[in-house]
Amino acid sequence: MTDLIVGVQWGDEGKGKIVDKLAKEYDYIVRYQGGHNAGHTIVVDGKKYALHLMPSGILYPKCKNIIGNGVVISLEALIKEIEQFESLGDLRGRLFISDRAHLITPYHQILDLARENNAKNAIGTTKNGIGPAYSDKVARMGLRVSDLRDLKMLEQKLASYKEQIAHLQDLYDLTLPSVESIMQNINAIAPKILPLITDTTKLLWDGLDEGKNILLEGAQGSMLDIDHGTYPFVTSSSTISAGSSSGSGIPPNRIEKIIGITKAYCTRVGNGPFPTEQNNTIGQELGQKGCEFGTTTGRKRRCGWLDAIALKYACRLNGCTDLALMKLDVLDGFKEIKICTHYLYNGEKITHVPSDLENVEPVYESFEGWDHTAGIKDFKSLPNAAKTYIQAIQSLTGTKVSIISTSPERDDTIII
């Protein structure tokens, strides 16, 4: 059995909690795209774990956690994250890194920072080097994890790369670090990473042949997809379900359940169109109650009402079989709750997502609020108004809500 968890908003939907909640049912947990620009937060018994590259099944000893070929990896970020789990013992046999994954170097991070700071219309990236690393991958000039097996050759490749980008020093008024200083850091890190490197595609194929259960874990959200998101205000990888196959090596016909993760409202980090954003006290209250700050950057998230049009679009893009509705408890206490059910676009009422989402005006349907859902663990105990709200989401998106989260804690989850 192979299942997929994918974000169906602008990221930060709460994928980490659901992967962590379900991980005990799977043998392999696979992160297949993105870099350390993503952040998954897991809370277990009041203790918070912030994950950026590590798959969210790392807290289960029986799970094999795989960083797939579609991920771009900062060695410094990875080592820092591995150290967070030193108390779990040796991660060999539990954490596997694809030898086909690409590396983020300090050069990528410097270029990302320079381009973002000099852009007339900044995207709002994390400035972690993700975009430049993916650009080099597509341009066939990237460095891969497998290069760590021959550090002398890696040093030559780094020197060649520095020569190719040297002209950008004058353009952006920056100084590129020496190859020697970068290699000094890599030489210190490589011995800790090398035992974890393997052909993860073969590892997963062997798992499929042995009947193992595999869970694919997406990063960011569908509305940030490089092709289908709010371009150019998107990330640099394929965040939708199609990217799970290219980023892991698992063929599409082996994926069974596709669970789309959505908040009960909407948030977005960074720049770009956000039709249901509430630049008012409602947005402020959602942000405060929902603790809406980025796991990776700490940036304040933009908040607004649920956008059912964008949600239905993402569900169809991904082929979602189910929805997981996160942070229902954040809406506790609101007297009125709204869902965007239509857009006004060029004078017409539409129910699809156009390519220029910045030119739509949301049309809302209002719902009665409720007092308390926090910590509730069964659907029958939810207030009737909350049940009505959930049923409306199912009807508007055409997708079954099968998981409901009522707090950050692992076990405060309703499985329908």
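Nothing here was measured: the structure is a model prediction, and the numbers come from that model.
Side-chain contact, Asp412 with Ser407: a donor N or O sits under 3.5 Å from an acceptor N or O. Between the side chains of Gln278 and Tyr265, no donor N or O sits under 3.5 Å from an acceptor N or O. Between Asn65 and Tyr60, the side chains place no donor N or O within less than 3.5 Å of an acceptor N or O (distance only, hydrogens not considered). No side-chain donor-acceptor contact under 3.5 Å links Asn69 and Ser248.
Judged purely by atom type and a 3.5 angstrom limit, Gln9 uses its side chain to pair as donor or acceptor with the backbone of Lys263.
Scored by the side chain to side chain donor-acceptor pair (under 3.5 Å) test, Arg144 finds no partners at all (sequence neighbours excluded). Here Asp378 pairs with nothing under the salt bridge (charged side-chain N to carboxylate O under 4.0 Å, His left out) rule; sequence neighbours left out. Partners of Thr230 under the side chain to side chain contact (heavy atoms under 4.5 Å, CB included) rule, at least two apart in sequence or in another chain, are Trp10, Met223, Phe233, Val234, Arg268, Pro273, Leu357. Residues passing the side chain to side chain donor-acceptor pair (under 3.5 Å) test with Asn384, sequence neighbours excluded: none. With sequence neighbours excluded, no residue satisfies ring pair (Phe, Tyr, Trp, His ring centres under 6.0 Å) with Tyr343. Under the rule for a side chain to side chain donor-acceptor pair (under 3.5 Å), Ser244 has no partner lying at least two apart in sequence or in another chain. Scanning for side chain to side chain donor-acceptor pair (under 3.5 Å) contacts around Thr373 gives Asp332, with sequence neighbours left out. With sequence neighbours left out, Arg92 forms a side chain to side chain contact (heavy atoms under 4.5 Å, CB included) with Asp90, Pro195, Leu196.
Among pairs with a residue in residues 393-403, those fulfilling salt bridge (Lys or Arg N to Asp or Glu O under 4.0 Å) read Asp322-Lys400, at least two apart in sequence or across chains. Pairs of residues two or more places apart, or lying in two chains, that qualify as side-chain hydrogen bond (donor to acceptor under 3.5 Å, both in side chains) and include a residue from residues 201-210 are Lys202-Asp206. Residue pairs meeting the side-chain hydrogen bond (donor to acceptor under 3.5 Å, both in side chains) criterion with at least one partner in residues 385-397, sequence neighbours excluded, do not occur; the list is empty.
Remark: Glu409 does not engage Lys21 in a salt bridge, criterion side-chain N to carboxylate O under 4.0 Å. A salt bridge links Asp20 with Arg410: at least one charged nitrogen is closer than 4.0 Å to a carboxylate oxygen.
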Just list the side-chain donor-acceptor pairs under 3.5 Å for residues 154-164, sequence neighbours left out, or say none.
from	atom 1	to	atom 2	distance (Å)
Lys157	NZ	Asp147	OD1	2.8
Tyr161	OH	Asp136	OD2	2.5
Lys162	NZ	Pro177	O	3.4

Q | side-chain contact (heavy atoms from CB on, under 4.5 Å) assessment of Arg254 paired with Leu208 | A | CA-CA 9 Å; Arg254 298 302 298 268; Leu208 288 172; 3.9 Å; yes
Q: With side-chain hydrogen bond (donor to acceptor under 3.5 Å, both in side chains) as the test, would you mind laying out the steps for Glu217 and Ser56 before giving the verdict?
A: CA-CA 8 Å; Glu217 174 185 20; Ser56 298; 2.5 Å; yes
